[in-house]
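These numbers were taken from a predicted model, which means no experiment stands behind them.
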Amino acid sequence: MEKLGIKVEERKVEKKKLPPLPHAEKGEVITRFPPEPNGYLHIGHAKAAFVDYEYARMYDGIFILRFDDTNPVNERKEFYEVQKEDLKWLGIEWDKEYRTSDNLPKHYELARQLLEEGNAYICTCSEEEISRNRKLMKECACRNERNISWNEFAKMEEGEAVMRLKGDMKSKNTAMRDPVLFRIIEHPHPIHGKRFRVWPTYDFYGAVEDSLSGVTHPFRSKEYELRDEVYFYLLDCLGLRKPYLMEFSRLEIKGMPVSKRKIKPLIENGKVMGWDDPRLPTLKGLKRRGILPEAIKEFVLSQGISRAESVVVFENLEAVNRKMLDGVARRYFFVPEPVKVVVENAEEMEVMLKYHPSIDMGVRKIKVGNIFFIPAEDASKLKQGDIFRLKDLYNVKVKSKNDEIHGEFVGKELLPGVEKIQWVSHEYVEVKVMIPGLLYENDEFNENSLKIVEGYGEKNIREVKEGEIVQFERFGFVRIERNGITGIMAHK
RNA sequence: GCUCCCGUGGUGUAGUCCGGCCAAUCAUCUCGGCCUCUCGAGCCGAAGACCCGGGUUCAAAUCCCGGCGGGAGCACCA
């Protein structure tokens, strides 16, 4: 027993967990995911949303979905719904939902307070002047001499004035040099129409909303780091509660653009098919490619919440996805670049093949005669006299080979060391498979990132539901679209 | 340029706050072997890391200083 050196160990597959949250008590944690309703969600949003969601669940807390819709020129009505659908697809459920724009009256109230208490001022300098003075660390006359009230400000024209925090123009942190808190935007809002024209900036509503909504642990990505000081200073001025702010690095994937800023031009220039292009890390794109929401969850949470920036390879997501898919995907035969095989002494029959090698998912029927097709790649390796096996069927000996292969039936029993090749019979359907690759190779746009493989699939592929993910044996996992005519390869 | 953040195997990550239990976790990748009528999955095993240099300490991945490298910000966008 022991001398065989066999150790019997309990192997617990512990679910990957996020590290404990600092200053967190069970039942007391409130988190929030605050997208701007201006586009489709991508895997970077998924990371933020899952971190927020998971921590709320881990501590029996509350998870809020908040739409940061305070720039009317950016927001579009459809995206409120689209983003919610994306979140639902991920399996994320939120306890509360609201729009930041609904709280503008409260924001105005706080703005007046800041003004009255001398913590902010209306500035009529031009954008260039503001920028210049920040560089020179110089205070302007608006801050010290003039004294425009909120009411006057509210009547001014777009671009004429902004409300600024009295920070510290001498601060080493440029974000503290009197950041703009409110500006006038003359543009209808998708929800409120023309009701408001003075809109808060991120520095203002981000801090204020987190505080007022009771959020205890707000997360944001690292590029906001320098604004932390503004965040806390502002809340101090307003006498509001300060949440425990945390930042993590943005998710980066090698060869894939993970940001709206980079994805949008690709779509506009026709470099990709749209927001749901399977080469894109948008949730719509990943879904179309056959990536499961659970896989996205495991993957993004495995990235953790550290500030260390890193570039992950997509294969890591594929690995997670593949393992999840393996147990649920039905198997079919697909023959890329088919080569005809004519088999002598072939029996005409109907065979039953299992949908899954080890899990009982039932069987499918295939009619076979003496005509088959096998992949060109496998055919090219065959020589006259070789024996190969039509997988799950029988063995064939190559009698002659040119454009097609002529062979003969040489038995049903499994022979050791014989190649098993997937095949289709004379009853096949034409199938195209899109194979998404990386959009960038060594920082260069890859014009050939989408390959298309044409081939024959077994007729049963027609029965596959739109959107189902199956495995084409010895080929890869493929999500089926358009009644079996097209597939999109997720990965091997 | 200035300011801030970051630096653990090929890749990602845990550990860093509160130095010792870290001769460093987990996953992926790679390489062997087993299993299997898939090139998938599963199982077993191997290889592989604390950016560099000083300092503090009985003891440093962990604290301090310097260097190097990477990233971000310097918007009336978030």
Practice problem: Side chain of A:Glu309 only, please: which of B:rC39, B:rC76, B:rG71 is the nearest? | Solution: B:rG71
Quiz item: At under 4.0 Å between heavy atoms, what does A:Pro19 touch on the DNA or RNA strands: base, sugar-phosphate, or nothing?
Solution: sugar-phosphate
Self-check item: Closest approach of A:Pro22 to A:His217 (non-hydrogen atoms, all atoms of both residues)
Solution: O-NE2, 2.8 Å
Quiz item: For B:rA41, what is the paired nucleotide under Watson-Crick or G-U wobble rules, both distances under 3.5 Å?
Solution: none
Quiz prompt | Base partner of B:rG1, which must satisfy Watson-Crick or wobble distances under 3.5 Å | solution = B:rC74
Quiz item: Within less than 4.0 Å of OP1 or OP2 of B:rU13, is there a side-chain N or O belonging to A:Ser310?
Solution: yes
Quiz item: Counting any heavy atom closer than 4.0 Å, what does A:Val162 reach on the DNA or RNA strands: base, sugar-phosphate only, or nothing?
Solution: base
Quiz prompt | Pair A:Lys222 + A:Glu247: basic N to acidic O under 4.0 Å | solution = no
Quiz item: Reckon A:Asp378 touches a base, only the sugar-phosphate, or nothing at all at heavy-atom distances under 4.0 Å?
Solution: base
Quiz item: Does A:Pro200 or A:Val313 map to a spot on RNA chain B nearer the 5' end, using the closest nucleotide for each?
Solution: A:Val313
Exercise. Report which part of the nucleic acid A:Glu127 touches: base, sugar-phosphate, or nothing (heavy-atom distance under 4.0 Å, all strands).
Key: base
Quiz item: Does the base of B:rU38 carry an N or O that pairs as donor and acceptor with the side chain of A:Gln471 under 3.5 Å?
Solution: yes
Quiz item: With respect to the phosphate group of B:rA41, does any side-chain polar atom (N or O) of A:Arg322 fall under 4.0 Å of OP1 or OP2?
Solution: yes
Quiz item: Which value, in whole Å, describes the distance between the P atoms of nucleotides B:rU11 and B:rG20?
Solution: 27 Å
Exercise. State which of B:rG7, B:rA78, B:rC39 makes the closest approach to the side chain of A:Ala308.
Key: B:rG7
Quiz item: Does any N or O donor sit under 3.5 Å from an N or O acceptor when you compare the side chain of A:Tyr224 with the base of B:rA72?
Solution: no
Quiz item: What is the pairing partner of B:rC63, taking Watson-Crick or G-U wobble pairs with both distances under 3.5 Å in any strand?
Solution: B:rG55
Quiz item: With respect to A:Asp178, which candidate in A:Lys138, A:Lys166, A:Arg143 satisfies the salt bridge (Lys or Arg N to Asp or Glu O under 4.0 Å) definition?
Solution: A:Arg143
Quiz item: Whole-Å distance between B:rC5 P and A:Glu247 CD?
Solution: 11 Å
Quiz prompt | Watson-Crick or G-U wobble mate for B:rC50, both contacts under 3.5 Å | solution = none
Exercise. For A:Val320, answer base if it contacts any base atom (sugar-phosphate contacts may also be present), sugar-phosphate if it contacts only those atoms, and nothing otherwise; contact means non-hydrogen atoms under 4.0 Å.
Key: nothing
Quiz item: What is the nucleic acid contact for A:Asn74, judged by heavy atoms within less than 4.0 Å: base, sugar-phosphate only, or nothing?
Solution: sugar-phosphate
Practice problem: Quick one: label A:Asp392 by what it contacts on the DNA or RNA (base, sugar-phosphate, nothing), any heavy atom closer than 4.0 Å. | Solution: base
Quiz item: In whole Å, what separates the C1' atom of B:rG45 from that of B:rU38?
Solution: 24 Å
Quiz item: In Watson-Crick or G-U wobble terms, both distances under 3.5 Å, what is the partner of B:rA24?
Solution: none
Quiz item: Roughly how many Å is it from CD in A:Glu252 to P in B:rG71, rounded to a whole number?
Solution: 9 Å
Quiz item: Within the pair A:Lys172 and B:rC4, is there a side-chain N or O less than 4.0 Å away from OP1 or OP2?
Solution: yes
Exercise. Sort out the partner of B:rU13 for me: Watson-Crick or G-U wobble, both distances under 3.5 Å, none otherwise.
Key: none
Self-check item: Sugar-phosphate only, base, or nothing, as touched by A:Tyr205 at under 4.0 Å among non-hydrogen atoms
Solution: sugar-phosphate
Practice problem: Report the nucleotide, chosen from B:rC5, B:rC4, B:rA72, that has the shortest atom-to-atom distance to any side-chain atom of A:Leu226. | Solution: B:rC4
Quiz prompt | 5′-ward residue of the pair A:Glu75/A:Pro20 relative to RNA chain B | solution = A:Pro20
Exercise. Counting heavy atoms from C-beta on, name the nucleotide in B:rG40, B:rC37, B:rC76 closest to the side chain of A:Asp326.
Key: B:rG40
Quiz item: If you check the A:Arg474 side chain, which of B:rC29, B:rC39, B:rC77 turns out closest?
Solution: B:rC39
Quiz prompt | Partner nucleotide, any strand, of B:rC68 [Watson-Crick/G-U, under 3.5 Å] | solution = B:rG7
Quiz item: Given atom CZ of A:Arg164 and atom P of B:rA75, what is their separation to the nearest angstrom?
Solution: 11 Å
Quiz item: Ignoring hydrogens and geometry, is there a side-chain-to-backbone donor-acceptor pair from A:His192 to A:Arg195 under 3.5 Å?
Solution: no
Quiz item: How long is the line joining NE2 of A:His187 and P of B:rC76, in whole Å?
Solution: 19 Å
Practice problem: Determine: side-chain N/O of A:Arg134 to OP1/OP2 of B:rU3, distance under 4.0 Å, yes or no. | Solution: no
Quiz item: With distance as the sole test, does A:Thr70 use its side chain to make a donor-acceptor pair with the main-chain N or O of A:Trp199 at under 3.5 Å?
Solution: no
Quiz item: Which value, in whole Å, describes the distance between the P atoms of nucleotides B:rG55 and B:rG15?
Solution: 30 Å
Quiz item: Hey, does the side chain of A:Ser306 come within less than 4.0 Å of B:rC6's phosphate (OP1/OP2), counting only N and O?
Solution: no
Practice problem: From the options B:rC76, B:rC6, B:rA72, select the nucleotide whose nearest atom is closest to the side chain of A:Glu223. | Solution: B:rA72
Quiz prompt | cation_pi(A:Arg364, A:Tyr332) dist<6.0 Å, angle<=45 | solution = yes
Quiz prompt | Whether over 12 other heavy atoms sit under 6.0 Å from A:Glu25 CD | solution = no
Exercise. With heavy atoms under 4.0 Å as the rule, sort A:Arg389 into base, sugar-phosphate or nothing.
Key: base
Practice problem: Check for a donor-acceptor pair, side chain of A:Ser380 on one end and backbone N or O of A:Glu377 on the other, with a separation under 3.5 Å. | Solution: yes
Exercise. Could you check whether A:Ser358 gets within reach of a base, just the sugar-phosphate, or nothing at all, counting any heavy atom under 4.0 Å?
Key: nothing
Quiz item: Between A:Arg227 and B:rA72, is there a side-chain N or O to OP1/OP2 distance below 4.0 Å?
Solution: no
Quiz item: For A:Gly159, which contact category applies under a 4.0 Å heavy-atom criterion: base, sugar-phosphate, or nothing?
Solution: base
Practice problem: Could you check A:Glu473, A:Gln422, A:Glu419 and say which one makes a side-chain hydrogen bond (donor to acceptor under 3.5 Å, both in side chains) with A:Lys391? | Solution: A:Glu473
